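Worksheet: one structure, shown below.
Note that the structure is a prediction, hence the values are computed from the model and not measured. Note on naming: letters A, B, ... go to the chains in the order of the sequence lines (proteins, then strands), and numbering restarts at 1 for each one. All values below were derived from every heavy atom in this structure, side-chain atoms included, with hydrogens, water molecules and symmetry-related copies excluded.
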Amino acid sequence: MIVLNSSDGATFEVEESVAVQSQTIKHMIEDNCADTSIPLPNVNGVTLARVLEYIKKHAEAKDDEEGLKSFDAEFVKVDQASLFEIILAANYLDIKGLLDLTCQTVADQIKDLTVEEVRAIFNIMNDFTPEEEAKLRNDHAWAFE
Amino acid sequence: MDSGRESGERVVPESGSGLASRSGFPYIPESVVIELLIRLPMKCVFRCKCVCKQWRSVIDAPSFGLAFVSRIASPSAQPKLWTLLYKCIHADEIHHEHGFFRNLFSNDVGLACLTKSDLPASAQAHGTEAYGILDYIIAMDGNGLLLCGSNCGWHLGRYYILNPITKQYVEIPPSKRPFPYCCVGFISQMVGEKPASSSLIYFSSETGEWRDIDIPLQQVLQLLPLRKMPVVLKEILHFMDRELGILAYDPYKGPHSCRIIELPGDIDREWSKRVDEKTILFDVHRGHLRFFAASNAYNDGLRISMWTLSDYDEGHWLLEHRISLSELACDISFPDSPYLVPITFHPFDSDTVYLGYGRSILSYDFLSQQLRELDNNVTLQTDNVTLKKDIHWYLVYRFALPLWPVSIQASTIKV
């Protein structure tokens, strides 16, 4: 069993065979950094719990394609902020399947939005001048059709 | 990771360091932004260039286009997108060739049709009212760029390289010599090769200039303008001469590299020794030249034959397939037209060829020997006008749709 410590001090136990779905954890174990427990300062407790839920399910039901598909569909039905937290955790822990699932979900959510709506979701400030933005839109008019 | 910021606090992103955060909303590093963007549809990615400067520079980076394509173009991905573009004549404009190009197979990449009004205003201004830069498509290269010409002036054609998806175009400066009769095409570094009788004039995008080359050949060449382009294999240009066969010229090796490859000995030549450009097709498939002919063998009815040049150096052809249409079981009735016009091979399926017959496009499968008529009832709603579909077989081009639009390198070209 491997012990994982989240950023806010929560502790989780998980089987090594399950935990190594995370390449990051796998390398830490291989490099013998995992004597007592593995600290994960980039992931909070709530998110880590969700990530472990994913990798446990994918380990135990590995061959059940239908079951995994419906699990994945339910898994991503969370609010956007939580979804981003999971993306960041999957990125840090290097769990390819989870990163793919969550990024594709967000991509599908934003693909039909306007530029302004995308900025609002990511809370990005528009740093183009009105002239620069107009020119960009004009140069890529074909993409806005 | 500090995910708990004070509510209401906003942080302006530093360049290259990720996105701003708001209360409860995490800080997104650039690598994750890339993971999101490469999963969007192509047009959406380009719209996202307008979101902020950081996103624009992420998308503009060459590595991004590569990552985008390699994610889609995995071996298990769907077959690559391609289509046939053909030139339509607007029913109301009989006197002017108000030409534009229509996509035969509809698809999601979004090249529904290519009309003059798609081009930026500065491009439309080129040429006279009747003609414009899209009068004819001359050639298409592997990156999805088109070489287009305008009929501005009878001899001095003007040439443009056009990306039909992004509508970016670059004008090639006109050559100082006019030429009455030419064959034009692309090869990787050079653009716009034009042979006129026995000299070649070419334009190189590396130097931004035109150059002349004289080809020392004993015979006089009569090159056929087969869809106006030479076939390129191993960076060697292949033109079709009416009597001599295939003329192979390596522009990198110079004038002395010209070579004639004779056509297969068992071609049906009904009326004369000369090759009829309407009935032949030659192209590259899987690294070999293929020659296809549709002929009316001694009035025995139409028959089609296909050869592959199995030995390039020795010039040996292998007859792969030959069949008379009367032997095929098909639903198509063959009325009076004696001509079956080969258009192109299927780019990825070695057993299919597309043929024009009368007003229809047919597909023929060599393996199953099935001849099928393609459903091409085209009604294009432009201003509620239904177009009469009138396909000119010389103006049908096979076009591979690129997964990521290429930007034309034009720094050396000064018009």
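- The closest side-chain heavy-atom distance from A:His140 to B:Lys49 is below 4.5 Å.
- Summarising the geometry, atom CZ belonging to B:Arg47 is positioned 9.0 Å from atom CG belonging to A:Leu113; distances are rounded to the nearest 0.5 Å.
- Contacts between A:Glu132 and chain B at a heavy-atom distance below 4.5 Å involve the side chain alone, from C-beta outward.
- For A:Leu88 against B:Ile28, the heavy-atom pair with the smallest separation is CD2-CA, 4.3 Å.
- A:Glu65 CD: 12 or fewer foreign heavy atoms inside a 6.0 Å radius.
- Note: A:Cys103 SG to B:Leu37 CG = 10.0 Å, rounded to the nearest 0.5 Å.
- Proximity of A:Leu136 to B:Phe46: side-chain heavy atoms (C-beta onward) are nowhere separated by under 4.5 Å.
- Crowding of A:Glu15 atom CD: a count of heavy atoms from other residues, nucleotides or ligands under 6.0 Å not exceeding 12.
- For the pair A:Asp127 (side chain) and B:Cys52 (backbone), a donor-acceptor distance under 3.5 Å is absent.
- Between B:Cys44 and A:Ile110, every side-chain heavy-atom pair lies at or beyond the 4.5 Å cut-off.
- Just one residue in the list A:Asn126, A:Asp139, A:Val118, A:Val115 forms a side-chain contact (heavy atoms from CB on, under 4.5 Å) with B:Cys50, and that residue is A:Val115.
- Around atom NZ of B:Lys53, more than 12 heavy atoms belonging to other residues, nucleotides or ligands sit under 6.0 Å away.
- If you take CD on B:Gln54 and CE on A:Met125, they are separated by 13.0 Å, rounding to the nearest 0.5 Å.
- Only the side chain of A:Asn91 comes within contact range of chain B, with at least one heavy atom under 4.5 Å from a heavy atom of that chain.
- Separating the NZ atom in B:Lys43 from the CZ atom in A:Phe144 is a distance of 11.0 Å, to the nearest 0.5 Å.
- Below 30°, between 30° and 60°, or above 60°: for A:Phe122 and B:Trp55 the angle between ring planes is above 60°, a perpendicular geometry.
- Between A:Asp100 and B:Arg39 a salt bridge is recorded (basic side-chain N to carboxylate O distance below 4.0 Å).
- For CD of A:Glu16, the number of neighbouring non-hydrogen atoms (other residues, nucleotides, ligands) closer than 6.0 Å is 12 at most.
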